[in-house]
Amino acid sequence: MLSDRIGRITPSATLAMTAKAAELRATGVDVINLSVGEPDFPTPENIRLIAKQAIDNGHTRYTPGGGTMNLKRAVIEKLSRDNDLQYDIAEVLISCGGKHSLYNACQVLFQRGDEVIIFSPYWVSFPDFVSVTGATPVFVATDPFHQYEPVMEDLSAKITSQTKAIIINSPSNPTGGVWCEQAVLRVLELAEDADVWVFSDECYEQLTYDRTYVSTAKLGGNTKKILTFQSCSKTYAMTGWRIGYTAGNEQVIKAMGKLQGQSTSCPNSIAQVAATEALIGDQSEVYRMRNVFKERRDYIVERLNNMSGVNCNTPGGAFYVFPDFSSYMGNDKKIKSSDDLSMYLLEQKAVVTVSGKAFGSDGNIRFSYAASENDLKRAMDLVEETLTELK
Ligand SMILES: Cc1ncc(COP(=O)(O)O)c(C=O)c1O
């Protein structure tokens, strides 16, 4: 009955865990949810206020398919202010979240016979975005001890005449890894030699804690084969508003706009007014949230590394840690995989996490620290208790 196309997609593991947490909570269990991929802060007040006014001022109709002129201008201003990147209106497209931007770009560039390089551990959606187009995802190893930067020999070996694109996601979900400039430059060099596209998913670009973030297109001299993807979701605590944007090659942007026009018509009109305020209005909440996330990162990394047999490298960004629990796993043990450990934490301790297996890395568990200090402390106490039980 269903198309082959839909058979190539697997359900999002992170959304599945969020649903499980909600189910458990509905039965009255006091759940600590560290599986979420969104800030626990409310959308800043200036943005909420503008959105309410937008409704009263009649911004409630279809907008141009690729987004309003005001929001595109705001994106251009933001990219220039924060990333030192210069784009024209025709090189910018607004979509219904960064996920939609990335999906559209894959749809207009990839097809059967193409190969697309994805660094592992990867965000759960990348392989599906690629597979649904008929193209093949090709996974490249990374180094957990160096911010999950690529193993360059593996990258070189995996680039073939079929390679159409390389997807970079730094800061990364699920690892939080932030690549150094030399690593990005080396990837860009290899991409240029092979004449392949580079997708730079920068949805966590405002959440880096140890060094100033430099956009991939900036390092690549803004070349015509780099597409930059950013989003209002994580930076402005606006996950539910669904606004993301792409900047890059005019022809690709135009094709993405055409696809969007025949699928979602346009991004939400009220959210576009709100996103304009988010991008060019007061940025102080962004800095405040970043500082809180940094403190939480330091806390959770220290707690995890104090647990015997656990290794947690310090991630440079996003709001995830990706510790290695493999010393607690094995065929002769009660816990055989990260799926088992994640399920044990859920069923025995009501702590919701995401198994590393979903991200291509059995042995690890992803904890989101977009949660209150109290929840983080309680969760870490329960993880510690679990590991004592499993010894
Ligand atoms: C790596 C990565 N890219 C893109 C997105 C898309 O976010 P949104 O569609 O809310 O902009 C997410 C969200 O979890 C993500 O983790």
Side-chain angles (χ1 to χ4, degrees), residues 11-19 33-41 43 47 67 71 75 78 93-107 116 118-130 137 142 147-148 165-179 198-208 213 215-216 227-247 256 260 263-264 267-268 271-272 274-275 278-279 286 293 315-322 354 356 358-361 366-370:
S12 159
T14 44
L15 292 181
M17 285 312 272
T18 306
N33 191 357
L34 301 191
S35 76
V36 283
E38 60 185 348
D40 52 320
F41 305 110
T43 304
I47 302 170
L71 181 50
V75 165
K78 184 269 168 215
L93 182 83
I94 314 298
S95 302
C96 311
K99 195 180 226 177
H100 188 216
S101 310
L102 286 153
Y103 178 87
N104 282 346
C106 292
Q107 285 292 326
V116 178
I118 294 171
F119 298 98
S120 182
Y122 44 79
W123 180 40
V124 287
S125 298
F126 289 142
D128 293 292
F129 288 162
V130 171
T142 57
Q147 296 293 317
Y148 289 89
I166 298 175
I167 303 180
I168 298 178
N169 173 219
S170 166
S172 147
N173 175 9
T175 67
V178 181
W179 295 358
V198 173
F199 284 25
S200 185
D201 177 353
E202 305 183 354
C203 79
Y204 297 97
E205 48 105 33
Q206 289 297 320
L207 297 174
T208 59
Y213 179 77
S215 197
T216 303
L227 293 172
T228 301
F229 301 88
Q230 295 187 356
S231 169
C232 289
S233 290
K234 323 282 176 173
T235 305
Y236 301 104
M238 288 179 74
T239 47
W241 301 71
R242 311 306 306 132
I243 296 291
Y245 49 93
T246 313
M256 288 168 68
Q260 195 164 294
S263 48
T264 59
N268 177 292
Q272 287 189 72
L279 293 174
V286 176
F293 281 135
F319 39 65
Y320 309 106
V321 286
F322 201 57
V354 187
F359 307 102
S361 185
R366 190 193 77 173
F367 295 90
S368 159
Y369 50 88

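We count ligands from 1, going down the list as the structure has it; atoms in each ligand are counted the same way.
For the atom pair OG of Ser361 and CZ of Arg366, the computed distance is 13.0 Å after rounding to the nearest 0.5 Å. Note that OG1 of Thr235 is 10.5 Å distant from CE of Met238, once rounded to the nearest 0.5 Å. Of the inter-residue distances, the one linking Tyr245 atom OH with Thr228 atom OG1 reads 9.5 Å to the nearest 0.5 angstrom.
Checking only distances, Thr239 never comes within under 3.5 Å of ligand 1, N or O to N or O. Between Ser231 and ligand 1, an N or O atom pair is found at a separation short of 3.5 Å. Looking at Arg242 next to ligand 1, an N or O pair under 3.5 Å apart turns up. Considering backbone and side-chain atoms alike, Gly98 places an N or O below 3.5 Å from some N or O of ligand 1. Of the N or O atoms in Tyr204, one or more lie within a sub-3.5 Å distance of an N or O in ligand 1.
Listed by number with element, the atoms of ligand 1 under 4.0 Å from a non-hydrogen atom of Lys234 are 12 (C), 13 (C), 14 (O). Close contacts of ligand 1 with Asn169, meaning ligand atoms under 4.0 Å from a residue heavy atom, involve 1 (C). Close approach to Gly97 involves these atoms of ligand 1, each under 4.0 Å from a residue heavy atom: 9 (O), 11 (O). Within ligand 1, the atoms closer than 4.0 Å to a non-hydrogen atom of Cys203 are 2 (C), 3 (N), 4 (C), 5 (C), 12 (C), 15 (C), numbered from 1 in the order shown. Those atoms of ligand 1 with a heavy atom of Ser233 less than 4.0 angstrom away are 8 (P), 10 (O), 11 (O).
Shown are Phe359, Tyr204, Phe367, Trp123; of these, the ring pair (Phe, Tyr, Trp, His ring centres under 6.0 Å) with Tyr320 is made only by Tyr204. Ile118 pairs in a side chain to side chain contact (heavy atoms under 4.5 Å, CB included) with only one of the listed residues (Ile168, Ile167, Ile166), which is Ile167.
Using bins of under 30°, 30° to 60° and over 60° for the plane-to-plane angle, the ring pair Phe199/Phe229 lands in the tilted bin.
With distances taken over non-hydrogen atoms, the option nearest atom 15 (C) of ligand 1 out of Tyr103, Trp123, Tyr122, Trp241 is Trp123.
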(message) Go through it in stages, so that I can follow the logic: the residues are Lys78 and Gln230, the test is side-chain hydrogen bond (donor to acceptor under 3.5 Å, both in side chains), and I'd like the CA-CA distance, side-chain angles, deciding distance and then a yes or no.
(response) CA-CA 11 Å; Lys78 184 269 168 215; Gln230 295 187 356; 2.9 Å; yes
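Partners of Ala271 according to the side chain to side chain contact (heavy atoms under 4.5 Å, CB included) rule, which considers only residues two or more places apart in sequence or in another chain, are Trp241, Ile243, Asn268.
Closest to atom 6 (C) of ligand 1 among all protein heavy atoms lies Lys99 N, 3.6 Å. In terms of protein heavy atoms, atom 3 (N) of ligand 1 is closest to Asp201 OD2, 2.5 Å.
Not less than 6.0 angstrom separates the ring centroid of Tyr236 from the ring centroid of Phe41.
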